[in-house]
Number of protein chains: 2
Amino acid sequence: MAEENQELRRAGLKVTLPRVKILQILESAGVEQQHLSAEEVYDALRDAGENVGLATVYRVLTQFAAAGLVTRHNFEAGRDGSGTSHSVFELARGEHHDHMVCMESGEVVEFHDAVIEERQRQIAEEQGYELVDHSLVLYVRKKS
Amino acid sequence: MAEENQELRRAGLKVTLPRVKILQILESAGVEQQHLSAEEVYDALRDAGENVGLATVYRVLTQFAAAGLVTRHNFEAGRDGSGTSHSVFELARGEHHDHMVCMESGEVVEFHDAVIEERQRQIAEEQGYELVDHSLVLYVRKKS
DNA sequence: CTTTATGCAAATGCTTTGCAGTGCC
DNA sequence: GGCACTGCAAAGCATTTGCATAAAG
C-alpha cells in the first residue's frame, strides 16, 4: 500500500493523490490492458471517483516516463499510412520487451527475443554506432 | 522525364504539376536526405519556385503512400519520452529495409537483416499470429 | 464538359503550457 | 509558510478537411 509512495519518493516526486492514483491504475491494469493511453488513464480515474484533470494525467505520465517508472510507446493506429498515432504508457517492470499489435483486435502481446536483440547490437556496430535504444513493433493478424 | 507520369498513371492518379514535382523531389533527394518530412518537401517546392500548398503536399504524400509509391515512417524525435514525432516519407525503391537513426546528428542509415526478419515471422507465428508488417528503428550514437 | 485536384482557411486530435489557486513537507 | 503540484482554459503542432475555384482527360 505504501509501496507506491516509496517509488514516488525514490523518483524525487512529491507524494500526491493524482500521482498515487495513477500509479495504482497502472499497477492494477490487467494483463490485457497493460498499455494505457492518457485518455484511458483519465477515464479510469473518473471511474474511480477521482477528479483529476487530463493535463495532470499527461504531466504525471511524462514525469513517470522521465523517471523510468513507465515507458511511453507510440504504436501507429492503422497501417495505410494514416499518421494517426497516440501514445500509450506501460509500467516499467524491469526487463525490456518489444510488442506485437493485432491489427484487427488491437490486442498487444509482449515478447523478448535474444537473437533479435543481439543482431541489432551487431548491426549498429557494423556501421560504427553504439546501440542506445530501439523500437520494434510487429503488426500482426490472428491466424485462421 | 516522362517516367514520373507513367508511375502516376499506374497509380491511378492524374498527372498534375504538384504530383510530378513532389515525385521529382523525392527521386532527386541525395543519399543523406532520403527521408523527408512534409514540411521539408514543402520547402523544397518553394525553393524550386513552385507554389504548392502544404495541405496538397500532405494529400499527395498520403496518396503516394496508399499507392505504395512512398513509405511513411514515424521516427520519434527525442527519447526521454517526449511524444514528439512527425512523419517522414521516403521513395519506395523496391526492397524492404529498416532504419537506424543517430540521436545526435539525426542521420539515418538503412539496413536489412535476414536473421531479424525471419525471427520476427517465427515469433509472431509462435503466438498464433501472421506477421503483416513491422516497424524497427534503432536509436544509435556515433562511436568514439 | 465532367471529374478530380488544388489552395486557402478553418477544423481536428493529441499534447503541452500559463497562471491562479491548493496542498504537501 | 514556501514551493511544488493541480485544474482549467488557452495555446501548439502536425495533419486533415470543407469548399469554391481551377485544371486534367
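In what follows, every chain begins at residue 1, and chains take the letters A, B, ... in the order their sequences are listed.
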Out of C:dT4, C:dT16, C:dT15, whichever nucleotide has its closest atom nearest the side chain of A:Thr62: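 When the side chain of A:Thr62 is considered, C:dT16 is the closest of C:dT4, C:dT16, C:dT15.
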Sugar-phosphate only, base, or nothing, as touched by B:Arg59 at under 4.0 Å among non-hydrogen atoms: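 The residue B:Arg59 makes base contact.
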Take atom [atom1] of [X] and atom [atom2] of [N], then tell me their distance rounded to the nearest Å.
X	N	atom1	atom2	answer
B:Leu13	C:dT6	CG	C1'	14 Å
A:Arg9	C:dC25	CZ	C1'	9 Å
A:Asn74	C:dG13	CG	C1'	14 Å
A:Leu61	C:dT17	CG	C1'	17 Å
B:Leu8	C:dT4	CG	C1'	14 Å
A:Tyr58	C:dT17	OH	C1'	14 Å
A:Ile22	D:dT6	CD1	C1'	11 Å
B:Glu39	D:dC13	CD	C1'	10 Å

Residue closer to the 5' end of DNA chain D, A:Gly53 versus B:Thr16 (nearest nucleotide):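 The 5'-side residue here is A:Gly53.
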A:Gln63 vs B:Ala55, nearer the 5' end of DNA chain D by closest nucleotide: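 Residue closer to the 5' terminus by nearest nucleotide: A:Gln63.
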Close aromatic pair by centroid cut-off 6.0 Å: A:His35 and A:Phe89: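 Centroid distance A:His35-A:Phe89: not below 6.0 Å, so no.
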A:His134 ring center within less than 6.0 Å of B:His99 ring center: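 No; A:His134 has its ring centre 6.0 Å or more from that of B:His99.
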B:Ser87 side-chain N/O to D:dT15 phosphate OP1/OP2 under 4.0 Å: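 Yes, B:Ser87 has a side-chain N/O under 4.0 Å of OP1/OP2 on D:dT15.
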Any side-chain heavy-atom pair of B:Tyr129 and A:Lys143 under 4.5 Å: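 Not touching, per the 4.5 Å side-chain cut-off.
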B:Lys14 vs B:Thr56, nearer the 5' end of DNA chain C by closest nucleotide: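 The answer here is B:Lys14.
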For A:Asp98, salt bridge (Lys or Arg N to Asp or Glu O under 4.0 Å) partners two or more places apart: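 Not a single residue meets the salt bridge (Lys or Arg N to Asp or Glu O under 4.0 Å) criterion with A:Asp98.
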Donor-acceptor pair, side chain of B:Arg19 and main chain of B:Leu8, under 3.5 angstrom: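 Judged by distance alone, no pair lies under 3.5 Å.
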